[in-house]
Number of protein chains: 2
Amino acid sequence: MRGDSETTPDECAVEIAMEVLGGRWKLAILKRLLTGTHRFGELKRAMPGITQRMLTRQLREMETDGLVVREVYREVPPKVEYSLTETGRSLERIADLLDDWGRWYRERHRPEALGGPADPVTSP
Amino acid sequence: MRGDSETTPDECAVEIAMEVLGGRWKLAILKRLLTGTHRFGELKRAMPGITQRMLTRQLREMETDGLVVREVYREVPPKVEYSLTETGRSLERIADLLDDWGRWYRERHRPEALGGPADPVTSP
DNA sequence: CAGTATCCGGAAAGATACTG
DNA sequence: CAGTATCTTTCCGGATACTG
């Protein structure tokens, strides 16, 4: 997804968005950072499924893409804080909608993936 | 992305959405189908970049995920039409937002990818 | 026309171990 | 604490050829 740089003239811009948001963890990280600045370890603890290597890579890509700011405090022990840029925060609505939609979809199409089914919803 | 079936209890639902919308072509196809029912060949012609194999695969996955309906007319020559389900149409707003955001992001962060830069926007 | 059938390269993702 | 460094696995996406 990243690095194709083909950008055919008639492609619709969702592909640009998917280049930036694609991957398994970007949006999850973004949602975390929407609650405020976080340290690397905090993010890691908050997302048990991700490996250190993946978290580092995703954060660096998001930094390159202008979504997050990485601030290094030259202390011992080291401390690095991540926060969203304005561009990153501009995704809040989309991230929320995707989250809502995902929840709704899971209820509607994957009821087995639920621990205790809540009250069913009929539109997202 | 597909087939992990892990779904850790505390994962946020954006991952569900990304499972369904992920991949390079899903949203582009969805946007096409939002304009109405289309035949396989129409979709293929409308998206010069995609291969037959990919188009078939993406459409089948979207069918499995409950986003599209595939209707086969037993004629000669064969005719197959694809349209969106209600679930598929429920993504319209999100697809539009992603498209808008992608356009805005490209202007703001990748001006070199534009033929003739339009009037700059300051918020998505 | 609308697909399958094969084969393939490379990126994405993960496991594990080590370090300033 | 916050990373690198390797190694391995998975699988996405594409090229090409063939078919009911």
Side-chain angles (χ1 to χ4, degrees), chain A residues 1-8 11 14-15 18-29 32-33 37-65 68-83, chain B residues 1-8 11 14-15 18-29 32-33 37-65 68-83:
Chain A
M1 219 158 249
R2 171 168 309 277
D4 64 340
S5 74
E6 203 193 338
T7 37
T8 39
E11 80 172 342
V14 290
E15 295 197 22
M18 292 307 279
E19 273 182 39
V20 175
L21 300 179
R24 183 162 177 189
W25 304 103
K26 295 258 179 83
L27 275 166
I29 294 170
R32 271 280 145 192
L33 290 179
T37 299
H38 288 280
R39 299 185 55 171
F40 183 86
E42 290 174 346
L43 291 172
K44 183 160 157 43
R45 247 172 287 115
M47 310 169 60
I50 197 172
T51 60
Q52 269 190 347
R53 180 178 175 275
M54 269 301 124
L55 183 54
T56 303
R57 289 176 57 134
Q58 304 293 301
L59 283 168
R60 292 296 161 84
E61 283 189 9
M62 293 170 80
E63 188 190 8
T64 299
D65 289 336
V68 311
V69 170
R70 176 170 178 266
E71 190 157 12
V72 183
Y73 296 82
R74 286 219 136 284
E75 308 171 349
V76 183
K79 172 178 165 186
V80 181
E81 285 187 341
Y82 293 90
S83 54
Chain B
M1 219 156 253
R2 174 168 307 277
D4 63 338
S5 75
E6 201 194 340
T7 38
T8 38
E11 81 173 340
V14 289
E15 295 196 24
M18 292 308 278
E19 273 181 40
V20 174
L21 300 179
R24 182 163 177 187
W25 304 104
K26 296 260 178 80
L27 274 166
I29 294 171
R32 272 279 145 191
L33 290 179
T37 299
H38 288 280
R39 298 185 55 171
F40 184 85
E42 290 173 347
L43 291 172
K44 183 161 157 40
R45 249 173 286 114
M47 310 169 61
I50 197 171
T51 60
Q52 268 192 349
R53 180 179 175 273
M54 269 300 124
L55 183 53
T56 303
R57 289 174 55 137
Q58 304 293 300
L59 282 167
R60 293 294 161 83
E61 283 188 9
M62 292 170 80
E63 189 190 7
T64 299
D65 290 337
V68 311
V69 170
R70 176 170 179 264
E71 191 158 10
V72 182
Y73 296 82
R74 284 218 136 285
E75 307 171 353
V76 182
K79 172 177 164 187
V80 182
E81 286 187 339
Y82 293 91
S83 54

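To find a chain, count down the sequence lines: A is the first, B the second, and so on, and within it residues start at 1.
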Asker: Which whole-number value in Å describes the distance from B:L55 CG to D:dG14 P?
Answerer: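 The distance from CG of B:L55 to P of D:dG14 comes to 11 Å, rounded to the nearest Å.
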Asker: Should A:E61 and A:K26 count as an ion pair when the cut-off is N to O under 4.0 Å?
Answerer: yes
Asker: Check B:A46 against B:P48 and note the closest heavy-atom contact, atom names and distance.
Answerer: O-CD, 3.5 Å
Asker: In this structure, how many angstroms lie between the P atom of C:dA15 and the CZ atom of A:R57, rounded?
Answerer: 14 Å
Asker: Using atom CD of A:Q52 as one end and atom C1' of D:dA5 as the other, report the distance to the nearest whole Å.
Answerer: 13 Å
Asker: Roughly, in whole Å, what's the span from CD in A:E75 to C1' in C:dG20?
Answerer: 15 Å
Asker: What integer distance in Å separates A:E63:CD from D:dA2:C1'?
Answerer: 14 Å
Asker: If you take all heavy atoms of A:E63 and A:R70, which pair is closest and at what distance?
Answerer: OE2-CB, 3.6 Å
Asker: Please report the closest heavy-atom contact between A:T37 and A:S83, naming both atoms and the distance.
Answerer: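 Closest heavy-atom pair between A:T37 and A:S83: OG1-CB, 3.4 Å.
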Asker: Please work out if A:Y82 contacts a base, only the sugar-phosphate, or nothing of the nucleic acid, heavy-atom cut-off 4.0 Å.
Answerer: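 Answer is sugar-phosphate: A:Y82 comes under 4.0 Å of backbone atoms only.
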Asker: Where do A:L59 and A:V68 come nearest, in terms of heavy atoms and distance?
Answerer: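 Closest pair (atom of A:L59, atom of A:V68, distance): O-CG2, 3.7 Å.
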Asker: Of all heavy-atom pairs between B:L21 and A:M18, which one has the smallest distance, and what is that distance?
Answerer: O-CE, 3.8 Å
Asker: If you check every side-chain atom of B:T51, which of C:dG3, D:dA15, D:dG3 has the closest atom?
Answerer: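 The nucleotide sitting nearest to the side chain is D:dA15.
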Asker: Grab the CD-C1' distance between A:E61 and C:dA13 for me, whole Å please.
Answerer: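 Spelled out: CD on A:E61 to C1' on C:dA13 is 12 Å.
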Asker: Whole-Å distance between D:dG3 P and A:E42 CD?
Answerer: 13 Å
Asker: Rounded to whole angstroms, how far apart are NZ on B:K26 and P on D:dG13?
Answerer: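 These atoms are roughly 8 Å apart.
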Asker: Have a look at B:R70 and say if it touches a base, only the backbone sugar-phosphate, or nothing, with a 4.0 Å heavy-atom cut-off.
Answerer: sugar-phosphate
Asker: Would you indicate what A:E81 reaches in the nucleic acid, counting non-hydrogen atoms under 4.0 angstrom: base, sugar-phosphate, or nothing?
Answerer: nothing
Asker: So A:R60, base contact, sugar-phosphate only, or nothing? Heavy-atom distance under 4.0 Å.
Answerer: sugar-phosphate
Asker: Among the nucleotides C:dT6, D:dC7, C:dG3, which one has an atom lying closest to any side-chain atom of A:R53?
Answerer: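 The listed nucleotide nearest to A:R53's side chain is D:dC7.
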Asker: Indicate the atoms forming the closest heavy-atom contact of A:M47 with A:A28, along with that distance.
Answerer: CE-CB, 3.7 Å
Asker: Looking only at side-chain atoms of B:F40, point me to the closest of C:dG3, D:dG3, D:dG13.
Answerer: C:dG3
Asker: Given that A:P78 and A:M54 both sit by DNA chain C, which one's nearest nucleotide is further toward the 5' end?
Answerer: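 Result: A:M54.
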Asker: Considering only D:dG3, D:dC1, C:dC1, which nucleotide approaches the side chain of B:P77 most closely?
Answerer: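 Shortest atom-to-atom distance from the side chain points to C:dC1.
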Asker: Between D:dG3, C:dT4, D:dG13, which nucleotide gets closest to the side-chain atoms of B:T56?
Answerer: C:dT4
Asker: Under 3.5 Å for both pairing distances: what stems, at least three Watson-Crick or G-U pairs long, include DNA chain C?
Answerer: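 The stems that DNA chain C takes part in, listed by first number, are C:1-20 with D:1-20.
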Asker: Are any non-hydrogen side-chain atoms of B:L33 and B:L43 less than 4.5 angstrom apart?
Answerer: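 Touching, per the 4.5 Å side-chain cut-off.
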